[in-house]
Novice: 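Could you have a look at this structure, given as structure tokens, before my questions?
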Amino acid sequence: DSFNRIKGMVNLLQGSEQFNNNIVEGIMERFGDAQFFFLGNPLNADDAIANELMNRLSSERFEYGENLDEAIAPYSGNFIIYCLASKKDDIRESLKMISKFKEEYPDVSGLQVMGRPNWIVYMDQLKNEMQALNTYFPSRFYFNEDSSQALQFKNKYKELFKAEPVVSYPVFAVMGYDTANLIMSDLMPTDSNIPESLQIDFRMQQVPGGGKVNTTAYFINTPPFGNT
């Protein structure tokens with residue numbers, strides 16, 4: 001956390017504590033009137049976001065358990081199932097369980113599924129399961145590989161380096177591109193045509209007595225129809 005004390009430092013990705021707090025604030029603002037069920041064992045999940053949500057919610061507003069038989073249904077209004085699973089196979093089993101629950105209780109019209117930040121790693125492998133349940137999960141970044149800007153970037157990258165960008169989370173080649181554009185935006189006239197960010201939007205905040213930190217955080221949604 002050198003950016004907290006060194007004025008020349010810039011943190012392009014939020015630290016865990018700030019990111020978790022921002023996400024919790026966003027969840028409470030958007031779904032604060034919902035009933036929550038935390039699917040899994042909170043004691044074993046090591047999920048700071050879930051723990052903070054349970055601290056903020058009144059005891060009547062949430063339950064938890066390792067299967068949905070422990071959930072009270074049907075609910076009238078918004079019902080959030082927050083999945084504590086973090087491994088691919090466990091996530092798949094949780095989504096199967098929720099799909100079965102949804103079939104058994106079709107009147108739960110406000111059902112919403114929420115996952116953990118590391119779910120972005122499994123988006124391609126679990127795409128169908130996530131889309132079927134209109135899943136949400138938080139992230140510090142998002143790269144839409146199918147956008148016209150992304151395809152243009154990848155084609156140019158292959159032309160220059162004779163290889164595809166290395167698959168990573170975030171995609172480091174794209175992060176370098178976005179960072180270069182951020183630097184250019186500070187150096188060039190305000191009316192210059194600077195390309196839009198591909199993976200991370202920069203909302204830089206000055207830290208008192210320190211440098212700057214990017215405060216951007218995302219809720220990624222995988223809807224049944226349309227684009228992520």
Side-chain angles (χ1 to χ4, degrees), residues 14-86 90-123 126-127 129-142 144 201 203 215-228:
Q14 296 177 63
S16 295
E17 184 176 353
Q18 183 180 18
F19 171 73
N20 292 341
N21 287 337
N22 285 342
I23 291 301
V24 170
E25 291 290 344
I27 292 173
M28 294 299 294
E29 180 180 337
R30 185 165 186 171
F31 303 108
D33 62 344
Q35 185 76 21
F36 283 75
F37 187 87
F38 294 88
L39 181 57
N41 187 339
L43 297 177
N44 298 331
D46 191 25
D47 188 330
I49 294 173
N51 290 341
E52 182 60 24
L53 283 171
M54 286 187 277
N55 285 335
R56 296 198 189 191
L57 293 166
S58 64
S59 58
E60 297 82 16
R61 295 278 306 287
F62 76 91
E63 298 174 287
Y64 62 86
E66 298 194 51
N67 62 73
L68 286 169
D69 295 337
E70 302 172 51
I72 299 173
Y75 287 101
S76 59
N78 292 327
F79 177 39
I80 308 296
I81 299 179
Y82 186 110
C83 292
L84 295 167
S86 60
D90 295 338
I91 295 169
R92 179 178 280 116
E93 287 305 311
S94 292
L95 295 177
K96 286 181 181 178
M97 193 185 306
I98 296 169
S99 293
K100 183 179 178 182
F101 178 87
K102 190 174 180 180
E103 290 174 2
E104 292 178 355
Y105 299 100
D107 294 334
V108 185
S109 57
L111 175 63
Q112 183 66 67
V113 178
M114 191 169 296
R116 300 178 63 166
N118 77 308
W119 283 28
I120 195 170
V121 176
Y122 306 117
M123 269 187 67
L126 299 176
K127 181 178 180 179
E129 293 93 330
M130 289 184 182
Q131 285 183 327
L133 293 169
N134 193 27
T135 305
Y136 282 82
F137 57 90
S139 179
R140 294 174 175 85
F141 49 85
Y142 176 62
N144 181 7
D201 292 317
R203 299 182 179 93
T215 60
T216 298
Y218 300 92
F219 278 114
I220 296 177
N221 176 221
T222 57
F225 306 101
N227 297 323
T228 299

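What's counted below: heavy atoms across the whole structure, side chains too, no hydrogens, waters or symmetry copies. None of the values given here were measured: they were computed from a predicted structure.
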Novice: With sequence neighbours excluded, what pairs up with Tyr82 under the ring pair (Phe, Tyr, Trp, His ring centres under 6.0 Å) test?
Specialist: Phe38
Novice: Could I get the full list of salt bridge (Lys or Arg N to Asp or Glu O under 4.0 Å) partners for Glu25, not counting sequence neighbours?
Specialist: Arg56
Novice: Within this structure, what is the OG-CD distance for the pair Ser94 and Glu66, rounded to the nearest 0.5 Å?
Specialist: 10.0 Å
Novice: Please report the closest heavy-atom contact between Ala132 and Lys102, naming both atoms and the distance.
Specialist: O-NZ, 3.9 Å
Novice: Of all residues at least two apart in sequence or in a different chain, which pass the side chain to side chain contact (heavy atoms under 4.5 Å, CB included) check with Ser16?
Specialist: Asn20, Arg140
Novice: Looking at residues at least two apart in the chain, or sitting in another chain, which of them share a side chain to side chain contact (heavy atoms under 4.5 Å, CB included) with Asn118?
Specialist: Ser86, Arg116, Tyr122
Novice: Is any side-chain heavy atom of Pro42 less than 4.5 Å from a side-chain heavy atom of Leu84?
Specialist: yes
Novice: Any side-chain heavy atom of Phe219 within less than 4.5 Å of one from Ile23?
Specialist: yes
Novice: For Met97, what residues pass the side chain to side chain contact (heavy atoms under 4.5 Å, CB included) criterion, not counting sequence neighbours?
Specialist: Leu39, Asn67, Leu68
Novice: To the nearest 0.5 Å, how far apart are CG in Leu43 and OH in Tyr64?
Specialist: 6.0 Å
Novice: When rounded to the nearest 0.5 angstrom, what is the spacing between CG in Asn78 and CD1 in Ile80?
Specialist: 6.0 Å
Novice: Angle between ring planes, Tyr136 versus Phe31, binned at 30° and 60°: parallel, tilted or perpendicular?
Specialist: perpendicular
Novice: Can you name the residues that form a salt bridge (Lys or Arg N to Asp or Glu O under 4.0 Å) with Arg30, not counting sequence neighbours?
Specialist: none
Novice: Only counting residues at least two apart or in another chain, list the ones meeting salt bridge (Lys or Arg N to Asp or Glu O under 4.0 Å) with Arg61.
Specialist: none
Novice: Would a 4.5 Å heavy-atom cut-off, applied to side chains only, mark Thr216 and Phe141 as touching?
Specialist: no
Novice: If we only count heavy atoms from C-beta on, is the Pro117 to Pro138 side-chain gap below 4.5 Å?
Specialist: yes
Novice: With a 4.5 Å cut-off on side-chain heavy atoms, are Phe37 and Phe62 touching?
Specialist: no
Novice: For Asn55, is the CG atom crowded, meaning more than 12 foreign heavy atoms sit under 6.0 Å from it?
Specialist: yes
Novice: Among residues at least two apart in sequence or on other chains, which ones pass salt bridge (Lys or Arg N to Asp or Glu O under 4.0 Å) with Lys127?
Specialist: none
Novice: Check Glu129 with Arg92, please: is the shortest side-chain N to carboxylate O separation under 4.0 Å?
Specialist: yes
Novice: In Å and rounded to the nearest 0.5 Å, what is the CD1 to OG1 distance from Ile98 to Thr135?
Specialist: 7.0 Å
Novice: Any sub-3.5 Å donor-acceptor pair from Thr222's side-chain atoms to Met130's backbone N or O?
Specialist: yes
Novice: Within the structure provided, determine whether Ile27 and Met114 are in side-chain contact (heavy-atom separation under 4.5 Å).
Specialist: yes
Novice: Rounded to the nearest 0.5 Å, how far does CG of Leu126 lie from CG of Leu133?
Specialist: 11.0 Å
Novice: Quick one, Gln131 and Pro223 - any side-chain contact, counting heavy atoms below 4.5 Å?
Specialist: no
Novice: Run the side-chain hydrogen bond (donor to acceptor under 3.5 Å, both in side chains) test against Ser58 and tell me which residues pass, sequence neighbours left out.
Specialist: Glu60
Novice: Once rounded to the nearest 0.5 Å, what's the spacing between atom CD of Gln112 and atom CD of Gln35?
Specialist: 15.0 Å
Novice: If we count only N and O atoms by modelled type, under 3.5 Å, do the side chains of Arg203 and Thr215 hold a donor and an acceptor together?
Specialist: no
Novice: Going through the distances and angles, do Cys83 and Val113 end up as a side-chain contact (heavy atoms from CB on, under 4.5 Å)?
Specialist: CA-CA 7 Å; Cys83 292; Val113 178; 4.3 Å; yes
Novice: According to side-chain hydrogen bond (donor to acceptor under 3.5 Å, both in side chains), who are the partners of Asp90, at least two apart in sequence or on a separate chain?
Specialist: none
Novice: Quick one: side-chain hydrogen bond (donor to acceptor under 3.5 Å, both in side chains) partners of Asn221, sequence neighbours excluded?
Specialist: Asn134
Novice: Listed by chain and number, what are the side chain to side chain contact (heavy atoms under 4.5 Å, CB included) partners of Lys100, not counting sequence neighbours?
Specialist: Glu104
